[in-house]
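Labels below follow one simple rule: chain letters A, B, ... track the order of the sequence lines, proteins then strands, and each chain is numbered from 1. Worth saying up front: this structure is predicted, and the values here are computed from it rather than measured.
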Amino acid sequence: MSTVDGVAMVTLILADARFPGGGHVHSGGVEEAAARGLVTGEADLAGFLRGRLRTAGELGAVFAAASAHAAAAGATAGHWRLLDEELDARTPSAAQRAASRAQGRGAVRAGRRAWPSAVLEGLLAAVPRPHHPVVLGALVAGAGGGPSDAALCAGYLAVSGPASAAVRLLGLDPFGANAAVAALDAELRAVVATATAAAALAPADLPAQSSPGLDLLAEAHDRRHREEVRLFAS
Amino acid sequence: MNFDPTATEPDPHPPARSAGRAVRIGIGGPVGSGKTALVAALCRALGDRLNLAVVTNDIYTTEDADFLRAAGVLAPDRIEAVQTGCCPHTAIRDDITANLDAVELLEQRFPGLDLVIIESGGDNLTAVFSRGLVDSQVFVVDVAGGDKVPRKGGPGVTTADLLVINKIDLAEQVGADLTVMAADAHRMRGELPVISQSLVRTPDAPEVTDWVLAQLA
Ligand SMILES: Nc1nc2c(ncn2[C@@H]2O[C@H](COP(=O)(O)OP(=O)(O)OP(=O)(O)O)[C@@H](O)[C@H]2O)c(=O)[nH]1
Ligand SMILES: [Mg+2]
């Protein structure tokens, strides 16, 4: 198992902004929030990221951990389908479902080369275009990591991408945005703990954190993209 | 907001694999050098002969895709625009996911596609396409940017499979010396080809068209 002090290398690579899985074109709602003047500076960004971590971030972490657990337990095709469908059911915005599946596809393309595994192929045979957190869990498991590694990855990505988008869109001080992410240390640990504790639950019983605000931003982004400038895919 | 659980989403199944995939040619270069004009010229010249499609990477909106659609050089559904998250060079080089998705979507929509042209967003002289995305690439610079551009070099000028020096009709107005530009370009590029052209004088870009056809042979 390729781990150092319990953290699998796969976790570092998947969480790295340089991972070529297509994450850099998704702002996680920041572009729409910025266009509406809801996020204008470091202070707003910190609040936005905290909220995002505790909702969309926790949901992603829960499903990534459950996916890693399922992979280690030799999930059947039926289980993979159920897991993916349950995440669909917890993602009311069609735009967010599309963004999640697009990032899942990107992670599959890059991850297949880096960590080919029977687990990943099993998932893809059952669900050709899985949600991003489900792919993260399968990749992490395929490379020797566990549910907490997968949860850490999903939780971190839920805030690191949006923070970087805010720097690009608003010209924020990159040191400030970076510090805002670092300040979420305790919250991220709590999210990982929640996700890891829930990893073995049946898919239907997994927690369902929701954020209607992010759902509305995602839908508005998608709609407005047809009328005016939008630089990010979501 | 659409809460309708029966709302349709993109087909989650992977595309059927066709026997051979389309040749992919990237067209890059600084802002305003004439990339879209060249793509339009190639579509006019090759659209009847080849099964072709285009991917655009605008920094802003779908400007290039809209221009091509309005120009009527290609059916609108053969043109896809991707968003680059403020980083056009990242989308063609470091993380090519969005572009590969667009190319694969077009290949799925038009089985047997011969050629996909990918226009990058206007960027700097260091922005080149990854070999994971394109089979070969054209770098377009223009005379109006000054005759120093070829000699400044950078990966676009030195490594692209074809360098196009565009807008030679403007040389006199901007005081650019075409002989110097061509000589510098050849010096920087060794054996790699250079084409000087004006899309005003030769709107169908005959020399670049021939080069593209040679890539497909
Ligand atoms: N005089 C002259 N104008 C040209 C020529 N080729 C293109 N143009 C004009 O130059 C302008 C920019 O051309 P585009 O094709 O939009 O340039 P581009 O490289 O696609 O620009 P971006 O996508 O914004 O980076 C347009 O107004 C074209 O009509 C040429 O050979 N001569
Ligand atoms: Mg253009």
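- Remark: side-chain polar atoms of B/Thr97 are paired, donor with acceptor, to backbone N or O of A/Pro20 under 3.5 angstrom.
- Residue-level contacts of residues 29-55 of chain A with chain B do not occur; threshold 4.5 Å between heavy atoms.
- If you measure heavy-atom distances from B/Leu100 to chain A, the contacts under 4.5 Å come from both the backbone and the side chain.
- Within the 3.5 Å criterion, the main-chain N or O of A/Val25 finds no donor-acceptor partner in the side chain of B/Gln83.
- Distance alone, capped at 3.5 Å, is enough to place a donor-acceptor pair between the A/Arg168 side chain and the B/Gly85 backbone.
- Rounded to the nearest 0.5 Å, atoms CZ (A/Arg105) and CD (B/Glu104) are 5.0 Å apart.
- Ranked by heavy-atom pairs under 4.5 Å with chain B, the first of A/Ala218, A/Ala220, A/Gly22 is A/Gly22.
- In this structure, B/Asp95 CG and A/Arg18 CZ are separated by 12.5 Å, a value rounded to the nearest 0.5 Å.
- At a 4.5 Å heavy-atom cutoff, the contact between B/Asp94 and chain A is made by backbone atoms alone.
- Counting heavy-atom pairs closer than 4.5 Å to chain B, the top residue among A/Ala95, A/Ala165, A/Gly23, A/Gly21 is A/Gly21.
- Heavy atoms of A/Ala233 lying under 4.5 Å from chain B belong to its backbone as well as its side chain.
- Listed options A/Arg109, A/Gln103, A/His26 were ranked by heavy-atom pairs under 4.5 angstrom with chain B; first place goes to A/Arg109.
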